[in-house]
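What follows is a set of notes on a single structure, which appears directly below.
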Protein chains: 2
Amino acid sequence: MSQDEALLPTKPELEILKLLWRRKALSAREIADEVAAPLDWSYSTLRTVLERMVEKRLLKRLEGEGVNRYAASVGKVSLLSRMIEDFSGRVLELDAAPPAVTFAKSKLLTRSEIEELERTLRKAEQKS
Amino acid sequence: MSQDEALLPTKPELEILKLLWRRKALSAREIADEVAAPLDWSYSTLRTVLERMVEKRLLKRLEGEGVNRYAASVGKVSLLSRMIEDFSGRVLELDAAPPAVTFAKSKLLTRSEIEELERTLRKAEQKS
DNA sequence: CATGGCATGCTACAACTGTAGCAAAACGCC
DNA sequence: GGCGTTTTGCTACAGTTGTAGCATGCCATG
């Protein structure tokens, strides 16, 4: 039951993380404006999910000055790396994840992030 | 609610499918002997999951001669193709899934299945 | 300083998944 | 044909996720 066992986000959670990776720290209202509509969620629903993500350590809540803001507490490359590892190993049964350049066309990743991803994947590989 | 909206299997469900792709049709007992132990499941749990997979159309139950047997009702290449599409698009935001040769080292796929996978992926691509 | 409006904190509930037990039916052996 | 063992069919319950409402508190503006 160790609470931080590197859990992977669900689909809507990932959408929220993607937004926060792009925009740093946003209020619940701002997040709602961007993702609640596409997801067809009420503001209430979005807030519940945000709070649960904080509990799961996927986000951190920044309190204090004015309205609370939420920020990703997992790095993009680090999380994607874990997801790629999981998919490669568990689903496809590959001994090693494909080279990061395979994902070079990803709309999520810049050139240097691809390089960072490659390093991260190879590092993770050691520990197998 | 169209009941066949191409759902993807959960982790344990995928393990069961992998077994049945290798071994055709097996009784619950035989499946239990192979996967219940690694998964640390009771026979009861395994049976519940099997029945739910039948409801979800992931398996079919072959009744009749003697003990019931279960067989995969989704093809390996077809399901993996959908899972790869989902992962590539939803998680990595790639316009097109990587070429199937990327997964050539998969322990799940033979050379000709890789070729079939390539065709399947490219066909799915059209419909985007 | 009263009021309208958004923010926050709780509570709720259904579906799905993980997990398993129990009772009755069926099968095979003596 | 009876008995022990398996197979089947139900039921159950907890945890997670999807989904949302309500009540109270805070803040700014008239």
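Below, chains carry the letters A, B, ... as their sequence lines are ordered, and counting in each starts from 1.
- Across residues 23-34 of chain A, A/Arg29 each have a non-hydrogen atom less than 4.0 Å from an atom of DNA chain C (numbered order).
- Residues passing the side chain to side chain donor-acceptor pair (under 3.5 Å) test with B/Arg47, sequence neighbours excluded: none.
- For residues 69-124 of chain A, the ring-ring contact (aromatic ring centres under 6.0 Å, His included) pairs, not counting sequence neighbours, are A/Phe87-B/Phe87.
- For A/Thr45, the side chain to side chain donor-acceptor pair (under 3.5 Å) criterion is met by A/Ser42, not counting sequence neighbours.
- Listed by first and then second residue, the ring-ring contact (aromatic ring centres under 6.0 Å, His included) pairs that reach into residues 46-69 of chain B come to none, sequence neighbours excluded.
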Report, one pair per line, the protein and nucleotides 24-27 of chain C atoms (nitrogen or oxygen only) whose separation is under 3.5 Å.
none

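- Each salt bridge (charged side-chain N to carboxylate O under 4.0 Å, His left out) pair with one or both residues in residues 97-112 of chain B, not counting sequence neighbours, appears once here: A/Asp95-B/Lys107.
- With sequence neighbours excluded, the residues satisfying side-chain contact (heavy atoms from CB on, under 4.5 Å) with A/Ser106 are A/Leu108, A/Leu109, B/Leu94.
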Nucleotide by nucleotide, nucleotides 14-30 of chain D touches protein heavy atoms under 4.0 Å in the pattern (B base, S sugar-phosphate only, - none) ---BBBBB---------

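- For A/Ser27, the side-chain contact (heavy atoms from CB on, under 4.5 Å) partners at least two apart in sequence or on another chain are A/Arg29, A/Glu30, A/Val67.
- The side chain to side chain donor-acceptor pair (under 3.5 Å) search around B/Asp33 returns none, not counting sequence neighbours.
- Judged as a ring-ring contact (aromatic ring centres under 6.0 Å, His included), not a single pair has a partner in residues 19-63 of chain A (not counting sequence neighbours).
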